[in-house]
Every structure is written in structure tokens, then in C-alpha cells.
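Here the structure is laid out as C-alpha cells; the discussion comes afterwards.
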Amino acid sequence: MTFKFLINEITSLLNDMINELNYPNVDFSVDEPPRSDLCDVYSNIAFQLSRKLKKKPFDIAREIYEKIIKSYLQTKKDSMISSVEAHPAGYLNFRANYTKLTYETLLMNKFEQGMPDIGKNKHVLIEHTSVNPNKALHVGHIRNVVLGDCVYRILQYTNHNAYVLNYVDDSGLQVADIIVGFKFVNLPMQTDKKFDHYCGDDVYVKVNEMYKQNTSLVENSRYVLREIEKSDSEIAKFAKELTTKVLNEQLKTCWRLKVRYDCLNFESQIIQSRLWENVLQAMKKKEIVKVENNSESKHLGCLVIQGGLDGEEKVLLRSDGTATYIAKDIPYAAWKIGLVEDPFGYYKYTTQFDKTTLLATKLDSRNESNPGFHAADLAITVIDARQSRLQNIISKVLYMLGASLLRYVHLSYEVVTLSSDTAKMLDISIDNKQSAHMSGRKGIYVNADNLLDMLHKIAYEAAKLRNPDADNIWLERVAESIAIAAIRYSMIKQDLDKTITFDIKESLNLEGDTGPYLQYSHARACRIIEKSMYPLMTIDHDLASTLKTKHEIALIKEISKFEMHLEDATFNLSPKSIARYAYSLATQFNAFYEKVPVLHEENIEVSKARLILVNTFIIVMKTSLNLIGIDALEKM
RNA sequence: GCCCCGGUAGCUCAACUGGACAGAGCAUCGCCCUUCUAAGGCGAGGGUUACAGGUUCGAGCCCUGUCCGGGGUACCA
């Protein structure tokens, strides 16, 4: 929060300066420098002015300093700025008033990080996970789940009225495939494996292998697909039973990762509800769709979107009348932003790990109060970049139906692939390629539960080594937290438009730039507070002025930047910003921890001030970790 | 073919959205535990930011072209 004050003060000082000196208006930056030994904040304003004024940047910087800043610093006593330099390179370099910065920053201690109201209670829906209920989650899905959950946490924290939806595609081809496995290949329903693993690892893969030899089986899947859409058919009932069973196992995996939801939306109900008809009517009215009757067209007899993106047609209803994926997604999207009335009823599906209620849609909406999910100001759909084209079509259709383009956001990210080493470990042939794409159909993936189990085991051993006397319940709990931290952090620290090359060996490393490293810095700090003999003080200016070594200032500066990164994460829907901030915060703390004694400091006043610093670090680190769903362990 | 994304140290990735000398982790090699947890810290080596032009006071970032990799372009999702 405080660092932002410094930047704001400099920005307004420079804006006033432009007016006073009658300089032309220019865009200029007020930012952090690449290295902290240069300054705390710099501005490029002299460069921007130099073109219009036809003077050298350094001369302008010096002029600004001499004519404006010098007297500003002399008169403004409560300034966050302590000194300014016109650098020969042309930059204006500012130093912060460290005592003031320290005081303001450590004051946060007092009110435990007040929530910044960025969202103003804006109604936001976040759809993520949405894994076909015919298989278990693999690491590729985890990127989606964790990304969506972190965005939820960040929006929730910044006062958005946010809800999480999980779209259950219970009537698609992938579900049809495993029904074929059970009903036509007669694979057993009974298994010792976790049921989602069994369906994905064995049934789904096996059926897809059989399709290659036995084309009549493919016909069966078409038949199954048509039957599922009739709600009262035997197949439809079986599908419901089957998908519920798989879904429940998938949810266990998500809950294990500390991911929660507000509502399950079943695809089958989107077709069966009036939702589909209403949107269809609206689309017909606006001539967005038509039945293709051109006998030359490859889409003869289908209901198509005209001029989808590049003027190409996109099929909504197949010639046999069944709906394609996008035909269900458009009404769903329209429902999200309230272009249609809510046709659904809601019932309590279950209670989740965090004691919150998970609701699910149902077709009967009589005598029910509506939980108010639909008609959001903003709908965010978390789905990978391969869906970009489809998502763009959906946006365009919503726009043609009268919605603002700003209300539907596709949060896109690149997929997760397996490194060549990992592919080899799994006996996957990749012919000299650098990585392998995962494929549920081919059985090429790293299962999420299995990965968590491996991480848990390693973390357990590591924790036991360090805490030989600890009891088993504690070790289990800590190991689980560490495993989750490792996997969550690894999924969000990269840029969204970069493929994650997943490597098992690397992911099992709990050192360096990892989630456990963040937890460790927090745990270390907690031990200092725990062992302290003094009660925690509130910062005052005298205590603040005792904190002046390099590592203290660096840590204070990093803490003071928390809200800037939170804003960045919120506006850009970017959990990465929080993840990288937390890492940098942890690094600063570890350097401090190494070089600056707290409990062993002889000067009691200094020791007390450092305790406040450590405690503030704990608060900010814990808050940051919560935002990305990592437990702030007090001991590990 | 057309559209989208990527190419930065041996490997995996950053770079505050056009600013100062391109930074971390892993791996390799050194050093630091009678001192608040060594899941840590310090140091060393490692770079023509794929390539060629262009715009700019300034380009890893913007523009054009080329090369390489991935994805999309289904009556699959």
C-alpha cells in the first residue's frame, strides 16, 4: 500500500511540475528501477519531454530538479521522498524516506491487512474445471483448476461478488464412449480402483482402441448420444448414474487441492430446459442462425451459425438433430450474463471440504428461491487456448444478441505437455520430439491423484527427517500441505501463454523456486515470533527509525509493494503476479533471516522493531499464500 | 493454405507491459550449521534474447520478412 503512495506522490509532483513550467503534456512512467542500488523509484519523464522540447534529457531532468523538486523537498515536510537525483543518463531518480516508509508499512500490522475494495461487489462468475465426467483429472486439468481457483480467491479478496461454476458435460461423446464400454463391450462396473481412474485408464482407453478395429461400435456411440438427450431413456438414466459417480471422484481430487465451487451446471439440462429454445429463438430472430438447405453444402440439414468468425459456418445441430458442444455453450454463456431468464431450480448437491455448500441445477424451479448465480456483470471462462476460436464465436454471438463484449471473458492459457524424460518414464514413444501432448483417449497423461500421492510421500519423508519426534497426524497434515503447495505453485508461476513442460522429476523437487520454499520462509518467521520473550509492539516513529540496514529496508520495501501486485493480479486476472511476488518476498525474508539477528540482537529497541517487521512479513506472506491457495504453515 | 501462441544461460522460466549493466531456479563446482529451522544463505562458471531488416533518444518487448516448434481451422469436445 505504502509503496503506491510514494509512486502517487511522485506522479502528482511531476504533473504539477508540467503545469508550472508550462511543459507540454506527455506520457511518462513512474516505476521501480531494475536495480535497487540506483534508486527506489525513477521516472523517464525527461526522455519523453526531450523530443518536444528539443533538449537533452539530462538537461531537462536537471532543470526539473533545480526549479521544482528542490524547493518541494524543502517545504513538504511529510513527503515520502527523501532525495532526488537527476542522473546523467537522463532519469530522475527518487529515494524514499525510509523511516516514513517503514512506519507506514509496518502499521499494516495493526489492522491485519484491510481488504482493498477493487471489485465494489461486482457480480462475477468464474467457470473452471469442466472436465468431462468420464475420466480422472490429469496434470493438464490441474492447470485449469488451480488457475480458476486462484482467480476466484483474488476476486473474492478484492470484494467481487464471485461465484465458481463447474460445467459438467454429462451428455457428450466422451461419456458416450464409456457407456459403450459398459453397455456394449460389457466391461464390469465393479473395480478396486478409484472409479474415475478406472473409467479413464481402462474403459475409455480400451473402447477407443476397439473403435479402430470395430466400426459398428462407433455406430453404438452415436446411438448412445441420441438416447442420452432423451431424458427418460434407460441409457440416459444410466448416464446420469455413471457421470455422477465419476464426478464425485473428480470433486474429491479438486477438494484435495483446496478448490471449491458454488454450482454444478449439467449440460444435459441446458438442452432440456427452456434455455436452449429461448436462445435459439433469439438467434433466429436476429438471423444469426439458419437451417442449411443448400444441397451443395457439406452442412445440409444442419442448423448453423452464419458468418461465425471469418464468414465460416459453424454447426449447432447435426443433421440428426443432436446438439454440438457449442450449441450448449452459447445458451450457457447467455445464461451467465443474463441474456435469458434463469430456467433452473437449485438443490444442495453436497457440503465441501471447507464446509461450504455446493449447489447443482435441476429442471424443476417451482417454489424455490434463486441463489442468484446467473446474470453476472462479468463471466470468466477458464479454458485452454485450443478453445479460443470457439470462445470467440460465443463472444461474437453474445454481441450480436446485444451484450457488451466486455462482459464475457475467455481466460485462455496454453496446455501442459510432458517432458521427453517424463514421456520416456511412462513408456510413451515421442520420436525425438521435445515434449508429448497428453491424451485421455490414448492413455497418455500423468494422473493428478497419483502425482499428489508421490509429492505427499516425498514431503512426508522430508518433514520426518527434520522433525523426528513429530507425531504421524501432524506429519500427514504437513506433507499434504506441502504437496499441494508444490503442485499449485508450479501451475501458476508461468505466463498463461506459455506451455508448461511438465517434468515429474523436477516437480518432485521441493527446493528453490517452489511452493514449499514460500511456506518455509513463513514457517521460519513464525518460529522467531514464537520464541520471542517480548510482546509484540505497535510501530512508532522511533522504532521505525532503528530499522535501517540493507536487508531490513529491502524487506520493508518488498512488503510495501503488496497491494500493487494485488491490483495487477486483479486487473489482469493473473495469479502469476501474486506467485512471483510471494517468491520475491520470501527471498527478501530469507536474506534478512540470514544476515539480521532478531532474538539475538542486543539492543532491545532494535530487537522489538525487528519483531514487528517479522510479524508484518508473516501477515503479508500469509495473505499472499491464501490468495494462491497455499497453506501458510507455522512449522515444517 | 489461412488464423493464434511460443522461440531468452545446458534445462525450466522471469524481465514491472518501450527504459539503466537481460535476472531467478534446476543442474555443475566451491564456501557457510556450538548463533532465531541448511526445504536456507553466499560465491563461480554459463547470453550475438532464433535470424535479417525497420521504427525510436532507447527494442527481449513494437512493425515487416524468414526459419524452427506447438495449437486451431470437425455433423469431437
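Below, chains carry the letters A, B, ... as their sequence lines are ordered, and counting in each starts from 1.
Considering all non-hydrogen atoms of both residues, A:Ile383 and A:Asn144 come closest at CA-ND2, 3.8 Å. The minimum heavy-atom distance between A:Trp276 and A:Ile271, with the atom names listed, is CB-O, 4.0 Å. Looking at every heavy atom in both residues, A:Ala459 comes nearest to A:Ile482 through CB-CG2, 3.7 Å.
Of the N and O atoms on the side chains of A:Asp170 and A:Ser268, at least one donor lies less than 3.5 Å from an acceptor on the other residue. In this model, a donor atom of one side chain and an acceptor atom of the other lie less than 3.5 Å apart for A:Tyr325 and A:Asp329. Residues A:Ser481 and A:Asp631 bring a donor and an acceptor atom of their side chains to less than 3.5 Å of each other. Remark: the A:Asn590 side chain and the A:Tyr517 side chain contain an N/O donor-acceptor pair separated by less than 3.5 Å.
One interatomic measurement links the two molecules: CD1 of A:Ile528 to P of B:U37, which rounds to 7 Å at whole-angstrom precision. For the pair A:Met636 CE and B:A38 P, the interatomic distance rounds to 12 Å; values are reported in whole Å. The interatomic distance linking A:Tyr534 (OH) with B:C36 (C1') rounds to 13 Å, in whole Å. Taking atom NE2 on A:His437 and atom P on B:G69, their separation rounds to 14 Å, with Å as the unit. Rounded to whole angstrom, the span from the CD1 atom of A:Ile492 across to the C1' atom of B:U12 amounts to 17 Å. Between the CD1 atom of A:Ile393 and the C1' atom of B:C4 there is a distance of 14 Å, rounded to whole Å. Rounded to whole Å, the distance from CG on A:Asp469 to P on B:U37 is 15 Å.
As judged by a 4.0 angstrom heavy-atom cut-off over every strand, A:His565 is placed among residues making no nucleic acid contact. Contacts of A:Ala525 with the nucleic acid, taken as non-hydrogen atoms under 4.0 Å apart, are absent. Heavy atoms of A:Gln387 sit under 4.0 angstrom from at least one base atom. A:Leu510 comes within 4.0 angstrom of a nucleotide base, judged by non-hydrogen atoms across all strands. A:Asp495 comes within 4.0 angstrom of the backbone, heavy atoms only, and of no base. At the heavy-atom level, A:Arg222 lies under 4.0 Å from the strands shown only through sugar-phosphate atoms. Heavy atoms of A:Val596 sit under 4.0 angstrom from at least one base atom. Within 4.0 Å of A:Asn132, counting heavy atoms only, lie sugar-phosphate atoms of the nucleic acid but no base atom. Within the 4.0 angstrom heavy-atom criterion, only backbone atoms of the sugar-phosphate kind lie near A:Lys576; the bases stay farther away. Here A:Val598 lies in heavy-atom contact (under 4.0 Å) with a base. Across all strands, A:Arg527 comes closer than 4.0 Å to base atoms (heavy-atom distances). The residue A:Asp169 sits close only to the backbone: its heavy atoms come under 4.0 Å of sugar-phosphate atoms, none of a base. Note on A:Ile482: a base of the nucleic acid sits closer than 4.0 angstrom, heavy atoms only. If you check every strand for non-hydrogen atoms under 4.0 Å, A:Leu316 touches nothing.
Taking 4.0 Å as the cut-off between side-chain N and carboxylate O, A:Asp421 and A:Lys505 do not count as a salt-bridged pair. Between A:Glu219 and A:Arg222 there is no salt bridge, since none of the side-chain N atoms of the basic residue sits less than 4.0 Å from a carboxylate O of the acidic one. A salt bridge links A:Lys4 with A:Glu567: the closest approach of a Lys/Arg side-chain nitrogen to an acidic carboxylate oxygen falls below 4.0 angstrom.
Within the shown strands, B:G23 is the pairing partner of B:C13 under the Watson-Crick or G-U definition, both distances less than 3.5 Å. Across all strands shown, B:U37 forms no Watson-Crick or G-U wobble pair with both distances under 3.5 Å. Nucleotide B:A59 is matched to nothing when pairs are restricted to Watson-Crick or G-U wobble geometry with both distances under 3.5 angstrom.
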Nucleotides 22-28 of chain B: which of its N/O atoms have a protein N/O under 3.5 Å away?
from  : atom 1 : to       : atom 2 : distance (Å)
B:A24 : O2'    : A:Tyr583 : OH     : 3.0
B:G25 : O2'    : A:Asp513 : N      : 3.3

Short heteroatom pairs, N/O only, protein and nucleotides 55-59 of chain B, under 3.5 Å:
none

Filtered N/O pairs between nucleotides 41-48 of chain B and protein, under 3.5 Å:
from  : atom 1 : to       : atom 2 : distance (Å)
B:G41 : OP1    : A:Tyr517 : OH     : 2.7
B:G41 : O4'    : A:Glu594 : OE1    : 3.3
B:G41 : O2'    : A:Lys595 : NZ     : 3.3

Using atom names, set out every protein N or O paired with an N or O of nucleotides 5-8 of chain B below 3.5 Å, distance rounded to 0.1 Å.
from : atom 1 : to       : atom 2 : distance (Å)
B:C5 : O2'    : A:Asp497 : O      : 3.0
B:G6 : OP1    : A:Asp497 : OD2    : 3.4
B:G7 : OP1    : A:Lys498 : NZ     : 3.2

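Side-chain N/O atoms of A:Lys314 include none lying less than 4.0 angstrom from OP1 or OP2 on B:C75. Here A:His600 does not reach the OP1 or OP2 of B:C36: none of its side-chain N or O atoms lies under 4.0 Å away. Between B:A77 and A:Tyr325, no contact under 4.0 Å exists linking OP1 or OP2 to a side-chain N or O. Residue A:Ser577 places none of its side-chain N or O atoms closer than 4.0 Å to OP1 or OP2 of B:C16.
Annotation: B:C13 and B:A50 have their P atoms spaced 15 Å apart (nearest Å). B:A24 sits 24 Å from B:C62 when the P atoms are compared, rounded to a whole Å. Taking atom P on both nucleotides, B:C5 is separated from B:C63 by 10 Å, rounded to a whole Å. Rounded to a whole angstrom, the distance from the P atom of B:G7 to that of B:U12 is 12 Å. Nucleotides B:U8 and B:A52, compared at atom P, are 16 Å apart to the nearest Å.
The glycosidic torsion of B:U17 lies within 90° of 0, placing the base in the syn range. Under the 90° criterion around 0 for the glycosidic angle, B:C11 counts as anti.
For A:Asn294, the CG atom sits in a packed shell: over 12 heavy atoms of surrounding residues, nucleotides or ligands are nearer than 6.0 Å. By the neighbour-count criterion of 12 heavy atoms within 6.0 Å, atom NZ of A:Lys290 is densely surrounded, having more than that number from other residues, nucleotides or ligands. Sparse packing is recorded around CD of A:Glu634, with 12 or fewer heavy atoms of other residues, nucleotides or ligands lying under 6.0 Å away. Atom CD of A:Glu602 has 12 or fewer heavy atoms from other residues, nucleotides or ligands within 6.0 Å.
When ring centroids are compared, A:Phe47 and A:Tyr91 come within the 6.0 Å threshold.
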Side-chain donor-acceptor pairs under 3.5 Å in residues 32-43 of chain A, sequence neighbours left out?
from    : atom 1 : to       : atom 2 : distance (Å)
A:Glu32 : OE1    : A:Lys561 : NZ     : 2.9
A:Arg35 : NE     : A:Asp37  : OD1    : 3.2
A:Arg35 : NH2    : A:Asp37  : OD2    : 3.4
A:Asp40 : OD1    : A:Arg95  : NH1    : 3.4
A:Asp40 : OD1    : A:Tyr98  : OH     : 3.0
A:Asp40 : OD1    : A:Lys557 : NZ     : 2.6
A:Asp40 : OD2    : A:Ala96  : N      : 2.8
A:Asp40 : OD2    : A:Tyr98  : OH     : 2.8
A:Ser43 : OG     : A:Ser29  : O      : 2.8
A:Ser43 : OG     : A:Ile45  : N      : 3.1

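Take A:Glu506 and apply the salt bridge (Lys or Arg N to Asp or Glu O under 4.0 Å) test, not counting sequence neighbours, and it matches no residue.
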